[in-house]
Visitor: 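I have a structure here, written as structure tokens, and I will follow up with some questions on it.
Convention: sequence-line order gives letters A, B, ...; per-chain numbering from 1.
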Number of protein chains: 2
Amino acid sequence: MSQQNQIVLKLREMILSGLLRPGERVAEIPVADHLGVSRTPVRYALGVLAREGLVVPSSNGRGFVVREFTIKDIHDAIEVRGALEGMAARLLAQRGISPEAEAGLRACLADGQRVVGKGRLVPGDGVAWATLNERFHDLIVGGSENRPLIHALRINDQVPFSSAKAFLDDITDPVMTRRQYDILLMAHMQHGLIVKALVSGDGARAEALVREHSYAAFENITLFRSAIYPLLAKEAAG
Amino acid sequence: MSQQNQIVLKLREMILSGLLRPGERVAEIPVADHLGVSRTPVRYALGVLAREGLVVPSSNGRGFVVREFTIKDIHDAIEVRGALEGMAARLLAQRGISPEAEAGLRACLADGQRVVGKGRLVPGDGVAWATLNERFHDLIVGGSENRPLIHALRINDQVPFSSAKAFLDDITDPVMTRRQYDILLMAHMQHGLIVKALVSGDGARAEALVREHSYAAFENITLFRSAIYPLLAKEAAG
DNA sequence: GCAGGGCCCATTGTATACAATAGCAGGAGC
DNA sequence: GCTCCTGCTATTGTATACAATGGGCCCTGC
């Protein structure tokens, strides 16, 4: 991989991990020195991140600052995702789902059954779920065969914690594990209903189900608020 | 304005005007020579356009080619816009529209009445409509106060001819002028209904109306197909 | 004559020098 | 003492030199 793409990844991770605080200035020279490269790839990376919305132009027009996400941004982005994924599901159902896509979705259901079938969560289940969940959503979105829609969702997923593959690590507290299990079980059952609607060609129901399903992400955010809050803008983190 | 932004504008116009053909390779050095600048601002501009989706990485991984839009892309992007603007209208209606926003929308209605009230189109009406139409849509989208939604729409509008401010020049053929008048009258009446739904707080109706309203763009495309088709990918232009 | 390998060239990736610009601080004048 | 102007400095904008890379073409050997 080219160096400049590595810089993009590093910078993005520095922001998403909270190493660079929201509102903090990001100048080219300090970053370049810190990473041991010249300004050129750093400039490139900042351009990429600016387009993604992770950094925004500084008020004085000199350079960038780390974007201050609010909890409202996350909610809003999830709502946008619900609308777009719902639309994708409707398109897919209307056109008729292909046998391959149906098989892929059913494989996700089987994987999901393995996670929730035990009646409780064990270490590794969080990652397993995140993986199958991303596949599930990608199949629906890709199945829409609507490039602008796919593109819009990819952009929207740049808002931290709003995407279907958002942070969903394992947690240890027993009470929270139980709560997370409940959320995943609900999501799993929704997955099943969504597949049913898609296969039967019921576009309206598929759209409604997917839109509702996106709100499961809200629950995850509540669960992981302690990990998320340091990354938010001050006025929203209180 | 900085030079690199001017380069972005120039390159974007070269693509959207068809000067650079779909599928055509865009290398840094020829472009830099042609515009009389160094490769640096050209590299910047290409990065911007790539993230906008107007150019895509070349298959061999060297440089970019002009993106080949299809008529389906335009339709798809308009459908995405309908979904997102519809959502914006619903949010705005649910929260309750501010007096200022309502006044702005009514001003657009008044401008629209001036265009269609004559019972026919005269030179300049096309531009006048495009201006008020953009204002109308921006008021609704901005009124949603949903940043990710606004962002998604801005990205989506990069697809040529899909945005609310899309190409709508004056045409001379009498029959086509008549047809365009009909389309604008319908759109104008839809605008009126949308404002009514927004003011009365009927989110569901506002969403449905805006979504339906977006399809007016399809009609415009049909009207201007001769201007649009040279910009499309070969397989879709037949 | 065809296939394989190596060299050359076209093009992008990276570093760095220099230019331009805007903010800030310090001094001078009122 | 306050204000305005000027010069400095920090930072980004631009140009260019050089490195790296991958593909195409030619040459050679079979």
Side-chain angles (χ1 to χ4, degrees), chain A residues 1-15 19-68 151 154 158 233-234, chain B residues 1-16 19-68 151 154 158 233:
Chain A
M1 182 185 303
S2 75
Q3 182 175 243
Q4 52 189 11
N5 285 328
Q6 292 180 38
I7 303 293
V8 173
L9 295 178
K10 278 185 188 169
L11 261 181
R12 191 189 287 126
E13 209 230 308
M14 285 169 71
I15 293 174
L19 190 60
L20 292 171
R21 307 286 309 202
E24 184 173 345
R25 174 120 181 261
V26 186
E28 293 175 6
I29 296 177
V31 172
D33 288 349
H34 179 71
L35 297 176
V37 295
S38 78
R39 282 173 50 212
T40 307
V42 173
R43 282 176 70 77
Y44 171 84
L46 285 175
V48 173
L49 297 178
R51 279 278 152 186
E52 290 179 355
L54 282 182
V55 299
V56 292
S58 178
S59 57
N60 57 15
R62 311 278 284 182
F64 301 94
V65 298
V66 177
R67 169 157 171 194
E68 310 198 21
H151 188 218
R154 187 147 45 215
Q158 296 296 339
K234 280 291 166 298
Chain B
M1 182 184 302
S2 76
Q3 182 176 248
Q4 52 189 11
N5 285 327
Q6 291 180 39
I7 304 294
V8 172
L9 294 178
K10 279 184 188 170
L11 262 180
R12 191 188 287 127
E13 209 229 309
M14 285 169 72
I15 294 173
L16 292 179
L19 190 61
L20 291 171
R21 307 285 311 203
E24 184 174 343
R25 174 118 183 264
V26 187
E28 294 175 4
I29 296 177
V31 173
D33 289 349
H34 178 72
L35 297 177
V37 296
S38 78
R39 281 172 49 213
T40 307
V42 174
R43 283 177 69 79
Y44 172 83
L46 285 175
V48 172
L49 296 179
R51 281 167 242 130
E52 286 179 357
L54 282 182
V55 299
V56 292
S58 179
S59 56
N60 58 17
R62 310 279 284 184
F64 300 94
V65 297
V66 178
R67 169 157 171 194
E68 310 200 22
H151 189 218
R154 187 146 46 214
Q158 296 296 338

Visitor: Indicate yes or no: does A/Glu52 engage A/Arg12 in a salt bridge with an N to O separation below 4.0 Å.
Guide: yes
Visitor: Looking only at non-hydrogen atoms, find the nearest pair between B/Ala45 and B/Ile7 and report the distance.
Guide: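 So the two residues come closest at CB-CG2, 3.8 Å.
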Visitor: For residues 34-41 of chain A, dump all side-chain donor-acceptor pairs below 3.5 Å to protein atoms at least two apart in sequence or in another chain.
Guide:
from: A/Ser38; atom 1: OG; to: A/Thr40; atom 2: N; distance (Å): 3.3
from: A/Arg39; atom 1: NE; to: A/Glu28; atom 2: OE1; distance (Å): 2.9
from: A/Arg39; atom 1: NH2; to: A/Glu28; atom 2: OE1; distance (Å): 3.0

Visitor: Residues of residues 35-52 of chain A with any non-hydrogen atom less than 4.0 angstrom from an atom of DNA chain C: list those, numerically ordered, please.
Guide: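 DNA chain C contact set from residues 35-52 of chain A: A/Val37, A/Ser38, A/Arg39, A/Thr40, A/Pro41.
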Visitor: Would you indicate whether the side-chain heavy atoms of B/Ser58 and B/Phe64 approach each other to under 4.5 Å?
Guide: no
Visitor: More than 12 heavy atoms of other residues, nucleotides or ligands under 6.0 Å from CD of A/Glu24: yes or no?
Guide: yes
Visitor: Would you kindly give the CD1-to-C1' distance between B/Ile7 and D/dT14, to the nearest whole Å?
Guide: 11 Å
Visitor: Just how far, in rounded Å, is C1' of D/dA10 from CD of A/Glu28?
Guide: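 It works out to 12 Å between those atoms.
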Visitor: Report the distance from atom CD1 of B/Ile29 to atom P of C/dC9, rounded to the nearest whole Å.
Guide: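 Result: 15 Å.
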Visitor: Could you state the interatomic distance from CG (A/Leu54) to CG (A/Leu11), rounded to the nearest 0.5 Å?
Guide: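 That separation rounds to 10.0 Å.
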Visitor: A/Ala27 has a side chain; which of D/dT11, C/dT11, C/dG13 sits nearest to it?
Guide: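 Among D/dT11, C/dT11, C/dG13, the one nearest the side chain of A/Ala27 is D/dT11.
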Visitor: I want to verify a distance call: between C/dT14, D/dG13, D/dT11, whose nearest atom is closest to the A/Gln4 side chain?
Guide: C/dT14
